[in-house]
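Model, not experiment: these values are computed from the prediction.
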Amino acid sequence: MGRVTVRRRVTRIDVEAATTSTGPDTISVEEPLELRVGGSALTVTMRTPGHDIELVHGFLLGEGLIRSADDVRMARYCEGAVVSGETGVDENTYNVVDVTLAEGVALPPASAARSFFTTSSCGVCGKASIEQLRTTSAHDIRSDRTEIAAKVVVEMPDTLRRHQRSFERTGGLHAAGLFTADGDLLVAREDVGRHNAVDKVVGWAALNGHLPGTGLVLMVSSRASFELTQKAVMAGIPCLAAVSAPSSLAVEAAEDAGLTLLGFVRGTRLNVYAGAERVTTS
């Protein structure tokens, strides 16, 4: 299978000890998987490589496009396998899967296609195709010079947690909150999907005159994925902070857009993965 982790250099800030250091950190890889049915692009989903055929079946079942695995005659990668150096087992590392449905199973209607991009050949996942996934934002967050104090950011997870009423009951919901740079919570929303929680927060901002989100911080109770980074950029929010890790593609997208990306915001510590110029330690 493909890369599961990558190493990146990060800045670590300890507010309590008043220290700053830099060093390597391991980041989960996030890559696009393009799903084609009968050779036609259906959708692109972001995932960590591995168990892709299972993922494809689950997606098709969840969308009501198949009823059982018997409805799939073949699911294959569009490129050949490589040999693992450690195990000697052939494992495929490519990012396009083509599904052939069984005879009599209807192809998805054109309206079902949610592909972010369509390529003319298999196995072309790379910088060019990733750039096609990055929707151009109407807001220039690079021009937002807001300074964000690390000592303020480390208080945000506890504030957000106090507003996670459903989480206290179920333990199964993600949360997102929109904060001012001074640490005031403007809104908090919960959802079983972290992307949905962020969408609710951004929707609230749009309806209440807070777009673009100049000078604001988007705090999430999950990892920071490419999709969440993209949503922050699209809303004109200059900083995304997460209690868990970012993915490799989230870091790349943040760097490209000029977004400040903070991860592992826990206790008195946080990691700065991109946009360190906005973060103050005094």
Side-chain angles (χ1 to χ4, degrees), residues 2-11 24-34 43-49 95-96 114-119 124-146 148 153 174 176-178 193-199 201-202 205 211-265 270-279:
R3 300 176 307 159
V4 176
T5 62
V6 294
R7 299 280 284 175
R8 295 295 295 263
R9 191 170 184 82
V10 303
T11 299
D25 190 52
T26 302
I27 307 173
S28 297
V29 169
E30 184 179 43
E31 294 183 352
L33 177 68
E34 179 179 350
T43 191
V44 174
T45 187
M46 309 309 298
R47 99 296 189 206
T48 296
N95 293 315
V96 181
R114 293 186 300 278
S115 56
F116 292 0
F117 64 94
T118 302
T119 59
V124 295
C125 175
K127 190 67 174 179
S129 57
I130 293 300
E131 287 174 349
Q132 293 182 32
L133 292 176
R134 295 175 176 147
T135 305
T136 302
S137 175
H139 310 297
D140 178 19
I141 59 175
R142 285 190 182 277
S143 64
D144 190 334
R145 303 300 182 184
T146 302
I148 302 164
V153 175
H174 294 289
L178 198 60
R194 60 182 180 270
H195 311 97
N196 296 337
V198 170
D199 283 341
V201 166
V202 172
L211 287 187
T214 305
L216 302 180
V217 178
L218 177 61
M219 182 79 220
V220 297
S221 65
S222 61
R223 69 184 183 92
S225 65
F226 168 82
E227 292 95 335
L228 299 193
T229 301
Q230 177 81 357
K231 291 177 186 298
V233 171
M234 292 297 291
I237 300 170
C239 180
L240 171 62
V243 300
S244 193
S247 68
S248 61
L249 195 57
V251 176
E252 292 177 23
E255 290 174 340
D256 286 349
L259 177 80
T260 295
L261 181 60
L262 312 176
F264 289 108
V265 183
L270 58 84
N271 288 351
V272 183
Y273 291 88
E277 65 278 0
R278 288 196 183 92
V279 184

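Using a 4.5 Å heavy-atom threshold, the side chains of R7 and D25 count as separate. Side-chain contact check for P212 versus D144: every heavy-atom pair is 4.5 Å or farther apart. Between L33 and V44, every side-chain heavy-atom pair lies at or beyond the 4.5 Å cut-off. Under the 4.5 Å side-chain criterion, counting only non-hydrogen atoms from C-beta, Y273 is not in contact with T11. Here the side chains of L262 and L240 are not in contact, with every heavy-atom distance at 4.5 Å or above. Counting heavy atoms from C-beta outward, V220 and R194 have side chains that stay 4.5 Å or more apart.
In this structure, E277 has no side chain to side chain donor-acceptor pair (under 3.5 Å) partners at least two apart in sequence or on a different chain.
For the atom pair CD (Q230) and CG (L259), the distance works out to 10.5 Å, reported to the nearest 0.5 Å. For the atom pair R145 CZ and T214 OG1, the distance stands at 12.5 Å (nearest 0.5 Å). The structure places CD of E31 at 6.5 Å from OG of S248, a figure rounded to the nearest 0.5 Å. Taking OG of S225 as the start and CG of L249 as the end, the distance is 9.0 Å to the nearest 0.5 Å. The CD1 atom of I141 sits 6.0 Å away from atom CZ of R278, with the distance rounded to the nearest 0.5 Å.
Among all heavy-atom pairs drawn from T229 and A254, the shortest one is CG2-N, 3.8 Å. Here the closest heavy-atom approach between residue E255 and residue R8 is recorded as OE2-NH2, 2.8 Å. Nearest heavy-atom pair across A235 and L211 is O-CD2, 3.3 Å. Contact between L218 and A176 at its shortest, heavy atoms only, is CD1-CB, 4.4 Å. The two residues L228 and S222 make their nearest non-hydrogen contact at CD1-OG, 4.0 Å. Closest approach of A250 and F226 over heavy atoms only: CB-N, 3.8 Å.
No donor-acceptor pair closer than 3.5 Å links the side chain of R223 to the backbone N or O of V243. The backbone N or O of C239 lies less than 3.5 Å from no partner atom in the side chain of T260, so there is not a single donor-acceptor pair.
The one candidate from V202, I237, V217 that meets the side-chain contact (heavy atoms from CB on, under 4.5 Å) condition with L178 is I237.
For the residue pair N95/R47, the side-chain donor-acceptor check at 3.5 Å is satisfied.
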